[in-house]
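Chain letters run A, B, ... following the sequence lines, proteins first and then strands; every chain starts at 1.
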Number of protein chains: 2
Amino acid sequence: MNDARVIRATSGTNLGGASAHNRRVMVDALRLNGALSRAELARATRLTKQTVSNIIEELERDGLVRSQASVRKGRGQPATPYELVPEGAYALGLQIDRYVSRVIAVNLVGEVLVQKSVELPPGGPEKGVRIILDLIESARSTLSDAVPEAERRLVGLGVAMPGPFGIDGDDDNQWMMASWQNYPLLEMLATGTGLEVALQNDAAAAATAERLVGSAHGLDHAICIYLGYGLGAGLILNGELYSGQNGNAGEIGMSLAPGEAGARPFVAPLEHQASLASLCKILDIAPSDPRLFDKIERAAEKPNEQVEEWMKGASERLRWMVHLLETVFDPQTIILCGGAPRVLIDQLIDHMQPLLPSLAARSSRALPRIQPGLANPWAVALGAAAEPIARAFDPRFSAILKSRFGA
Amino acid sequence: MNDARVIRATSGTNLGGASAHNRRVMVDALRLNGALSRAELARATRLTKQTVSNIIEELERDGLVRSQASVRKGRGQPATPYELVPEGAYALGLQIDRYVSRVIAVNLVGEVLVQKSVELPPGGPEKGVRIILDLIESARSTLSDAVPEAERRLVGLGVAMPGPFGIDGDDDNQWMMASWQNYPLLEMLATGTGLEVALQNDAAAAATAERLVGSAHGLDHAICIYLGYGLGAGLILNGELYSGQNGNAGEIGMSLAPGEAGARPFVAPLEHQASLASLCKILDIAPSDPRLFDKIERAAEKPNEQVEEWMKGASERLRWMVHLLETVFDPQTIILCGGAPRVLIDQLIDHMQPLLPSLAARSSRALPRIQPGLANPWAVALGAAAEPIARAFDPRFSAILKSRFGA
DNA sequence: TCTTTTAAGTCAATTGTCTTGACTTATTTG
DNA sequence: CAAATAAGTCAAGACAATTGACTTAAAAGA
């Protein structure tokens, strides 16, 4: 009698879940607003003064917040503002790219403390993982040398690599990294480091970074278009990263566009036209070139005819993708970021003007329809490191629910 | 000293929030899985047997669940399954369309008990609201005649109308209903009925209906393309409807597409080609024709050359939009539903084959990439009615948080 | 200067919900 | 007929937020 029917249900919650949520709410409020007094926190979170006092006391004991000098601001007892302690938590971020791997260590407020990278020789994941574990170990010990207590306060290891994930075969596709995807990477990293590990695609990581320390800070609805070796979008919806059913939401680099009617109804994927890979091809830069970023920067500063051509094509496709994303998501803003030089990002945005008409063109906008975000090779690694911080400290539905592994 | 700085923060929660969540979790589990015993509920929700017992007892007192005959299924004491009581709650749904308004009453499980419609004469919202309030009143008393206790168990009034909302001017645009949007409709309806009122656009409502009783039942990631007089998409992300910053997420009817290179780089909005409005133009049916649905059904059953032409154009644009939505959202499935006859929906889906390649084409799919959903003129009104039920009984983050109006 | 008003923050008791562990009930298995 | 198994109850306990009175510290007004 195989009556072990799968019953689907949302988890319930309990006192512990509520309490954990309230702690997160406090940290989040301090992150968003800067230092706040207990009374202010109570008003903002709709909790009672007493509750806030208890939680703040606990957070202070845990080294996550600290008091500032009290400030007089009118009648009544002066308030004692509390602020986040940057040294309250640390996280590691790992970016695995096609030819290079990068590791970053950040603290609770997203300040970068360590960054190291290594070239990834061809040879697939078996060899690669060993190199990567060494890199992580090296970053970790550098961090511990600088801040002995950091090890104890590490909340996790975020991993970012190019998507899409879990697709069928296609091992030779240079745009993906299929061999890495069928490898038990997360398990290897988890056992190798003893840390909690979570995976995002690189665009999602870039969005996570934008939300922690970049242009999306404090925004609940933002789309980050990430221009790297490939192209993707990180979706921040309702204040959280949206990943879709299989973690592939936002893989707009693979989107086709209807082209000339008749003969060739659909043109190549967006990232064949708008990505550093396509630019490298034009500039005849090897994708494995360690000085790729600098070369592109120089090329963008003084664009020759070919670069202008690329820029025109890329910005035209992006211009239209921006229109679509605005229409589909109704976001507060769209951010163009990347592992690309700021010059290039800025020029692309320039070339996209005027933006296509859309609902986003309303007159009452608070934010620009499109704006530049983080633009450097470390953006994805930073986002990878931001993920464990967000997972540990941001208020989110899943954090309230009882998990499989004890409350 | 204007020190009334706005402090942004997520609300905290308390015992009451946790308890409310757990009640919702129970109702949701019974809705998804059918009748379940207390022990099964405890396992599924990770709550203790005792907690489940208490909550079930309370829900039974409130008339939301009831026990079935106990069933023996192996060793041990027989289980007593509990099921939702359809008569446990009721909700009203109002659809305001361009030329007609519809009201539906549903019960807790989404069964339709009353449906009434009325033609909306031109004359704008002032006159319209009076007619609509009469319609609601009429439906309400029909409901009360059939089920005297329904009035006491009404959880709200859902309203659906064509978007987009809150756009600048453009009063003459026949595709929108601008004059209705600058009118304090919700306030009028709330005071006129004494019920909680909430607004969605029609595509969002259709998606809400699909989730309560249609093809999206139990799905957490689904996109509903709604083909009505206009065209839009309802986005179900993480099990909840996503509305974007201004409630306009999913307004894909307004999306442009890159067309022939050169002269006309961008073609008309999607809904100018794929909507009942465009079909009506071709068939020379007045959009206000009360027998519009039947006429379209007949036209779709025996398509003439013009209809075939329309079908070809519409399905081609939709085919490509499906590709985009799959790429952007990575959903479990896409549902094509509408206030359109099922024949038409089916034919459109047929014409869209073969679907464009995308990440969704993986071999391990559990659900079809695209499938038909509700296809009748009452779909939106049903979705409007489904919204208050979902708001009152579905587990969601916002339901846990302390609200502005007391816990 | 002195009193009143206002606001921040604490104290101690209370409340409400989930949890714990032992117990009862009812059925199948051997 | 005893042992095993599972559903469900009982009563006490744990825990976090709440409540209302209180203390502290400043500004405002007389």
Short side-chain to backbone donor-acceptor contact, S70(A) and P78(A), under 3.5 Å: no
Residues within residues 23-34 of chain B bordering DNA chain C, heavy-atom distance below 4.0 Å: none
Base-contact (B) and sugar-phosphate-only (S) positions in nucleotides 13-18 of chain C, heavy-atom cut-off under 4.0 Å, - elsewhere: ---BBS
Atom-to-atom span, CD of E57(A) to C1' of dG9(C) - whole angstrom: 12 Å
From L59(A) atom CG to R66(A) atom CZ, the distance as rounded to the nearest 0.5 Å: 13.5 Å
From CD1 (I104(A)) to CG (L143(A)), nearest 0.5 Å: 12.5 Å
Nucleotide dC10(D), atom P - distance to CZ of R38(B) in whole Å: 10 Å
Sequence-aligned protein contact record of nucleotides 20-30 of chain D, with B where the base is within under 4.0 Å of a protein heavy atom and S where only the sugar-phosphate is: ----BBBSS--
Heavy-atom closest pair, residues P331(A) and Q245(B): C-CB, 4.2 Å
Gap between atom NZ of K49(B) and atom CG of L41(B) - 0.5 Å precision: 13.5 Å
Considering all heavy atoms, the nearest H21(A)-P395(A) contact: CE1-CB, 4.1 Å
Protein-nucleotide distance (R46(A), atom CZ; dT18(D), atom C1'), rounded to Å: 17 Å
Separation between CG of L32(A) and CD1 of I7(B), rounded to the nearest 0.5 Å: 11.0 Å
Heavy-atom closest contact (R153(A) atom, G88(A) atom, distance): NH1-O, 2.9 Å
Integer-rounded Å distance: dA7(D) C1' and Y82(B) OH: 11 Å
Euclidean distance, H221(B) NE2 relative to I236(B) CD1, rounded to 0.5 Å: 11.0 Å
Atom pair CG (L108(B)) and CZ (R31(B)), whose distance is rounded to the nearest 0.5 Å: 5.0 Å
L64(B), V109(B), L36(B) screened by side chain to side chain contact (heavy atoms under 4.5 Å, CB included) with L30(B), the one that passes: L36(B)
N or O in side chain of T80(B) less than 4.0 angstrom from dG8(D) OP1/OP2: yes
